[in-house]
Amino acid sequence: MSHELLTCAEMGRADQATIAAGTTGITLMEAAGAAVAQEVMAALGPQPRRVLVLAGPGNNGGDGWVAARHLATAGWPVEVASMVARGALRGDARLAADQWMGSVLPISEAAARFAAAPDETAPPVVIDALFGAGLSRQIEGEVADLLASLAASPAAVVAVDVPSGVSGDDGAVMGMAAPAMLTVSFFRPKPGHWLMPGRALRGRLVIADIGIQDGVLREIAPVTMLNRPSLWRHALGAPVASDHKYRRGHLVVAGGPPETAGAARLAARAGLRAGAGLVTIACLSDALSIYAGADPAVMTRVAPTPEAFEQLLRDRKVAAAVLGPGQGVDALTRDWVRRALARLPAAVLDADALTAFAATPDLLFDQIREVTGDGARVVLTPHDGEFARIFPDLSDAGRLDRARIAADRTGAVVVLKGADSVIAAPGGAGAGSGGGAHIAINGNAPARLATAGAGDVLAGITGGLLAQGLPAFEAAAAAVWLHGAAARRLPRGLIAEDLPDALPAVLDAVAPGTDPTLDPLGFGLDG
């Protein structure tokens, strides 16, 4: 199961390399249009339904003309509404349009065809082939009005490549887009298929084989990936008979005051369930009774001063730390972060450990760069609000660019959390023994994961994997995927406390030695 995501420019290079190798552009277009028609019939047949193809002025429209011909040949009643007269088309799109012998409407008449006729048992099918993933301008005027009418209609919408108006590179809506029930794209998915709001608008995603060989990827060397077990499975170690708790890693979680103690408790239990050999919560004395009674398997140590916290890190063979969940936004948190970064080979900075540096982010970045330059593994796990506090100048950048720039600026792996979490490693580092990926988009998180404390659990899973020695990128990517997979095993109404105990079954399903070609747990990550 492939995990590469191609930008629009990279997909263009794949097309050009295939054409240079001897496959004509019209051959690729024929294969693409035939694939669209096949998927329409598979999804909406076997009884033919009325079809309207919205054909744009470029190659995306050309795919639509081909799909129209294949559907008509199969006995489906088809009309094409074209944005431009056939004579104005150029290149392969003109060749495809010239082979269409059926009805052609001006685009201005298309909206009248969206509603079901009185004698129809099902609404019509609309194939959206107006604009592909590389659209570079806002959709306005008549076409925007048409897409708004389509969005409000009962029609079954099938998009070619992407729903028109969605950017293939970042999932942004360029003015207007109508949601599709099915999107058919080609060779490899694009980032915009998995980034919001494009992900929400595309419906089920099918990636069709149109004859482009996988070998073109060697020259393209894509750096954006879909977060799947194939990215990091190799780094998950299997328990061996000689293991002991310190070999599996000692994780320390920084505990906050009594009123926010739940956050560190969630992170600690998640770290244990992720496989850390032992977990200790370090806290101030006024919170000891809360943490000491939280979980029998979690140890508790009082660190009344920053110096005592540093001594704990030195004396207890600590492999990694999680700082920030419920810890407090103050100078003490900043001091603990500084000491953990200076002392430990790995750390997760989440929540308050980031917000505490909102007034002085460069101070934090300098500290991180100093230790990562010496090989320390640091992962930052901000949600959008926390990200904006320490990277205020990146608010206008796209989601992939924000994560990538933040990783390069800090020297840390950055997990920009959300429904479409992005995991970015600095400077192309990452996926150390498994390839060249340095940015991954996660696609398996269910909506019910939006619940208080879920981020604390993610920080704990990440820390537990770092404590076992995983590289930072693999630990972060694995943690995000495992977090989503655990949530998908749970019913509606899940709370953060449920997530750690769902991890063992998920870890078993993706352990090294399991079949990497299988879709773990049957989650259907392609749709």
Determine whether Pro500 and Val457 make a side-chain contact, defined as any pair of heavy atoms from C-beta on separated by less than 4.5 Å. yes

Considering residues, nucleotides and ligands other than Glu259, do more than 12 of their heavy atoms fall under 6.0 Å from its CD? yes

Mind checking salt bridge (charged side-chain N to carboxylate O under 4.0 Å, His left out) for Arg188 and listing every partner two or more places apart, or none if nothing turns up? Glu4, Asp214

I'd like to know whether Val216 forms a side-chain contact (heavy atoms from CB on, under 4.5 Å) with Arg13, so could you lay out the CA-CA distance, the side-chain angles of the two residues, the decisive distance to 0.1 Å, and finally the verdict. CA-CA 8 Å; Val216 302; Arg13 289 170 60 193; over 6 Å; no

All heavy atoms of Ala263 vs all of Gly326, minimum pair found to be CB-N, 3.6 Å

Please list all pairs passing the salt bridge (Lys or Arg N to Asp or Glu O under 4.0 Å) test where one or both residues lie in residues 271-290, with sequence neighbours left out. Arg273-Asp501

Does anything in residues 412-423 form a salt bridge (Lys or Arg N to Asp or Glu O under 4.0 Å)? List the pairs, not counting sequence neighbours. Asp350-Lys417, Arg399-Asp420

Give me each pair satisfying ring pair (Phe, Tyr, Trp, His ring centres under 6.0 Å) with a member in residues 304-323, each pair once, sequence neighbours excluded. Phe309-Trp336

Might you point out which heavy atoms bring Val279 and Gly271 nearest each other, and give the distance in Å? CG2-C, 4.1 Å

If I take atom CG from residue Asp393 and atom CZ from residue Arg402, how far apart are they, to the nearest 0.5 angstrom? 11.5 Å

Would you compute the distance between atom NZ of Lys190 and atom CG of Leu195 and round it to the nearest 0.5 angstrom? 13.5 Å

Run Trp194 and Leu205 through side-chain contact (heavy atoms from CB on, under 4.5 Å) and show every step you take. CA-CA 10 Å; Trp194 289 100; Leu205 176 64; 4.1 Å; yes

Which pair of non-hydrogen atoms, one from Ala356 and one from Thr333, has the smallest distance, and what is that distance? CB-CG2, 4.1 Å

Answer yes or no: is there a donor N or O on one side and an acceptor on the other, between the side chain of Arg248 and the main chain of Gly275, under 3.5 Å? yes

Any pair counted as salt bridge (Lys or Arg N to Asp or Glu O under 4.0 Å), so long as it reaches residues 319-337, sequence neighbours left out: Asp335-Arg338, Asp335-Arg339

List the steps and the verdict of side-chain contact (heavy atoms from CB on, under 4.5 Å) for Val378 and Gln367. CA-CA 11 Å; Val378 179; Gln367 293 172 9; over 6 Å; no

Side chains of Phe387 and Leu394 in contact at under 4.5 Å (non-hydrogen atoms): yes

Donor-acceptor pair, distance only, cut-off 3.5 Å: does the side chain of Asp352 make one with the backbone of Gln327? yes

Can you check whether Leu6 reaches Leu217 side chain to side chain, under 4.5 Å on heavy atoms? yes

Backbone N or O of Leu5 within a donor-acceptor pair of the His193 side chain at under 3.5 Å? no

Mind checking what makes side-chain hydrogen bond (donor to acceptor under 3.5 Å, both in side chains) contact with Thr280, not counting sequence neighbours? His250

To the nearest 0.5 angstrom, please state how far the OG1 atom of Thr183 sits from the CG atom of Asp128. 8.5 Å

Residues which pass side chain to side chain contact (heavy atoms under 4.5 Å, CB included) with Asp366, listed by chain and number, not counting sequence neighbours: Arg369

Quick one: does Phe186's side chain get under 4.5 Å of Val160's, heavy atoms only? yes

side-chain hydrogen bond (donor to acceptor under 3.5 Å, both in side chains) partners for Thr462, two or more places apart: none

Which residues pass the side-chain hydrogen bond (donor to acceptor under 3.5 Å, both in side chains) test with Arg199, sequence neighbours left out? none

CG/Leu400 to CD1/Ile441 distance, rounded to the nearest 0.5 angstrom? 4.5 Å

For a 4.5 angstrom cut-off between non-hydrogen side-chain atoms, does Val506 reach Arg489? yes

Please say which of Leu251, Val252, Asp456 ends up in a side-chain contact (heavy atoms from CB on, under 4.5 Å) with Val322. Leu251

Quick one: ring pair (Phe, Tyr, Trp, His ring centres under 6.0 Å) pairs with a partner in residues 340-384, sequence neighbours left out? Phe365-Phe391

Please tell me if the side chains of Val157 and Pro163 come closer than 4.5 Å, counting only heavy atoms from C-beta onward. no

Does CD belonging to Glu370 count more than 12 external heavy atoms closer than 6.0 Å? no

Using every non-hydrogen atom in the two residues, find where Leu201 and Ala177 come nearest and quote the distance to one decimal. CD1-CB, 4.1 Å

Looking at every heavy atom in both Ala346 and Leu466, which two are closest together, and how far apart are they? CB-CB, 4.0 Å

Show every donor-acceptor pair shorter than 3.5 Å between a side-chain atom in residues 288-299 and any protein atom, with sequence neighbours excluded, or say none if there are none.
unit_1: Tyr291; atom_1: OH; unit_2: Gly256; atom_2: N; d: 2.8
unit_1: Tyr291; atom_1: OH; unit_2: Gly256; atom_2: O; d: 3.1
unit_1: Asp295; atom_1: OD1; unit_2: Ala297; atom_2: N; d: 3.1
unit_1: Asp295; atom_1: OD2; unit_2: Arg269; atom_2: NH1; d: 2.5

Write down the atom of Val162, the atom of Gly132, and the distance for their closest heavy-atom approach. CG2-C, 3.7 Å

Do the non-hydrogen side-chain atoms of Leu470 and Trp232 ever get within less than 4.5 Å of each other? no

Mark yes or no for whether Gln468, through its side chain, and Gly464, through its backbone, hold a donor-acceptor pair below 3.5 Å. yes

Does the side-chain contact (heavy atoms from CB on, under 4.5 Å) test come out yes or no for Phe131 and Arg137, once each step is laid out? CA-CA 10 Å; Phe131 301 107; Arg137 59 181 174 83; 3.7 Å; yes

Please round to the nearest 0.5 Å and tell me the distance separating atom CE of Met181 and atom CZ of Arg204. 7.0 Å

Just to verify, what does Arg448 make a side-chain hydrogen bond (donor to acceptor under 3.5 Å, both in side chains) with, not counting sequence neighbours? none

Working to the nearest 0.5 Å, report the span between CG of Asn444 and CG of Leu226. 8.5 Å

State, yes or no, whether a side-chain contact exists between Thr224 and Arg404 at a heavy-atom distance under 4.5 Å. yes

